[in-house]
Undergrad: 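The structure is given below, and queries will be raised subsequently.
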Amino acid sequence: MLSRRSFLSGIAAAGAGLALARPVFAKPLSQAASMQTRAIPSSGERLPVIGMGSSGSFEVGNSAAELDPLREVLRRFFAGGATVIDTAPSYGTAEEMIGQLLEELGLRSKAFLATKLGTAGREAGLAQFQDSLKRLRTDKVELLQVHNLRDWRTQFEVIKELKAQGKTRYTGLTHYVDSGHDELAEVVRKVKPDFLQVNYSVVSRNAEQKVFPVARELGVAVLINRAFEDGRLFSRVQGKPLPSWAAEAGISSWAQAFLRFALSHPAVTTVIPATGKPDRQSDNLKAGSGPALTEAQRKSLIDTVG
C-alpha cells in the first residue's frame with residue numbers, strides 16, 4: 001500500500017498534482033491565536049484542536065540527523081498554538097525522545113502530555129507509569145489512559161489513584177480499530193473517564209455510531225487517532241484535485257482536509273496526527289483554523305475519497 005511519504009515523494013518527482021503536495025520549506029506558524037480550542041467537558045479547560053501523536057514519528061535514535069527534524073517539529077508545534085502530545089510506553093523510544101527534547105527546548109511547561117498504561121496487574125501498571133515518568137523527564141502527566149482497554153478494570157483504578165495523588169490531571173481510555181468500538185463505548189459508560197481516544201477518518205466513521213454519542217451524553221473529551229489511516233488516505237486521492245470549495249474553507253492540502261473532516265464532528269476535542277517532518281507539522285497545524293465544514297462538504301470528502 002502506498003504510504004503518505006512515498007505518495008508525496010512521487011508527486012513531487014512528477015511535478016504534478018500541486019494541490020496534494022506538502023510545502024517543502026513551510027514557514028513555522030507564529031500566530032498562536034489562530035489555533036482554535038475546544039473545552040474538556042469535565043473541567044472546562046480548553047485544548048487546541050490540533051495535537052500530535054508520536055507512534056513511528058518519534059521512534060528514533062539519538063543521532064543529530066534523527067533528532068534535528070524533531071526539534072523543529074516541536075518548535076513549530078508550540079509556536080502554532082498546539083499543546084497536546086500523545087505517546088505510550090509501547091512506542092519504542094518515543095517517550096524518551098519526547099522527554100529529552102522537551103527538556104532541552106524548555107517546553108515541558110507548555111505541553112499537555114498524554115501517555116498510557118498498557119499492561120496487566122496493579123503493580124505492573126504502577127511500575128510502567130514510573131518508567132514513563134523517567135523517560136518523559138517529568139513528575140506528572142496531564143492525561144493517563146488505559147491503552148486499548150488492556151486490563152481496563154485494574155488499570156483504570158490505578159489511573160484514578162494516580163489522579164488523586166496529583167500524578168495525572170485526567171483519566172482516559174483508548175482504542176484504535178473499529179472492532180473495539182462497542183467495548184469502548186460500554187466501558188466509557190461504566191467508568192466515565194475524562195477522555196476517550198479513538199480512530200476516526202473520512203473512510204472509518206464507525207465511531208459515529210456508538211462512541212461519539214456516549215461521549216457527548218456523558219461529557220467525555222475525545223482525541224482522534226488515525227485521521228490519515230496511517231497514510232493510506234493519500235493514495236486514495238492521488239491525482240485528484242482538492243474539492244472546489246476547499247479554498248473557501250481555508251483548506252490548501254489534503255492533509256488539512258482530512259483533519260478538518262475529523263474536527264467537523266461536534267464530539268471531537270482534538271485530533272493527534274503524528275509526524276516527524278517540520279513542513280508537514282506546519283501544514284497540519286493550519287487545519288486548526290477556519291470555519292467548520294458543512295454537511296455538504298463532509299459528504300463531498302466522503303464521496304471523493306470513498
Undergrad: Under 3.5 Å, side chain of R150 to main-chain N/O of G118, donor-acceptor pair present?
TA: yes
Undergrad: Answer yes or no: is there a donor N or O on one side and an acceptor on the other, between the side chain of N225 and the main chain of Y176, under 3.5 Å?
TA: no
Undergrad: Within the distance-only criterion (no hydrogens, no angle test), does the side chain of Q128 pair as donor or acceptor with the backbone N or O of A124 below 3.5 angstrom?
TA: no
Undergrad: Any Lys/Arg nitrogen of K116 or D86 sitting under 4.0 Å from an Asp/Glu carboxylate oxygen of the other?
TA: yes
Undergrad: What class does the angle between the rings of F212 and H265 fall in, given that below 30° is parallel, 30 to 60° is tilted and above 60° is perpendicular?
TA: tilted
Undergrad: Between D151 (side chain) and G121 (backbone), is there a donor-acceptor pair under 3.5 Å?
TA: yes
Undergrad: Do E45 and Y170 pair up side chain to side chain, a donor and an acceptor below 3.5 Å, judged on atom types alone?
TA: yes
Undergrad: In sequence, state the C-alpha distance, the side-chain angles, and the governing distance for R71 and E104, and then conclude on side-chain contact (heavy atoms from CB on, under 4.5 Å).
TA: CA-CA 9 Å; R71 285 191 187 91; E104 176 187 316; 2.3 Å; yes
Undergrad: Is it the case that the side chain of T93 and the backbone of E96 share a donor-acceptor pair, with hydrogens and angles ignored and the cut-off at 3.5 Å?
TA: no
Undergrad: In chain order, what residues pass the side-chain contact (heavy atoms from CB on, under 4.5 Å) check against A246, with sequence neighbours excluded?
TA: L242, P243, I251
Undergrad: What verdict does the side-chain contact (heavy atoms from CB on, under 4.5 Å) test give for I98 and L70, after you've listed the backbone C-alpha separation in whole Å, the side-chain angles of each residue and the deciding distance to 0.1 Å?
TA: CA-CA 9 Å; I98 289 168; L70 296 182; over 6 Å; no
Undergrad: Hey, would you say the F228 and F234 ring centroids sit under 6.0 Å apart?
TA: yes
Undergrad: V198 vs I224, test: side-chain contact (heavy atoms from CB on, under 4.5 Å). Steps then yes/no.
TA: CA-CA 5 Å; V198 69; I224 296 300; 4.0 Å; yes
Undergrad: Do other residues, nucleotides or ligands put more than 12 heavy atoms under 6.0 Å from the CD atom of E161?
TA: yes
Undergrad: Hey, are E95 and T115 close enough side-chain-wise for a donor-acceptor pair under 3.5 Å?
TA: yes
Undergrad: Keeping T270 on the side-chain end and P48 on the backbone end, is there a donor-acceptor pair under 3.5 Å?
TA: yes
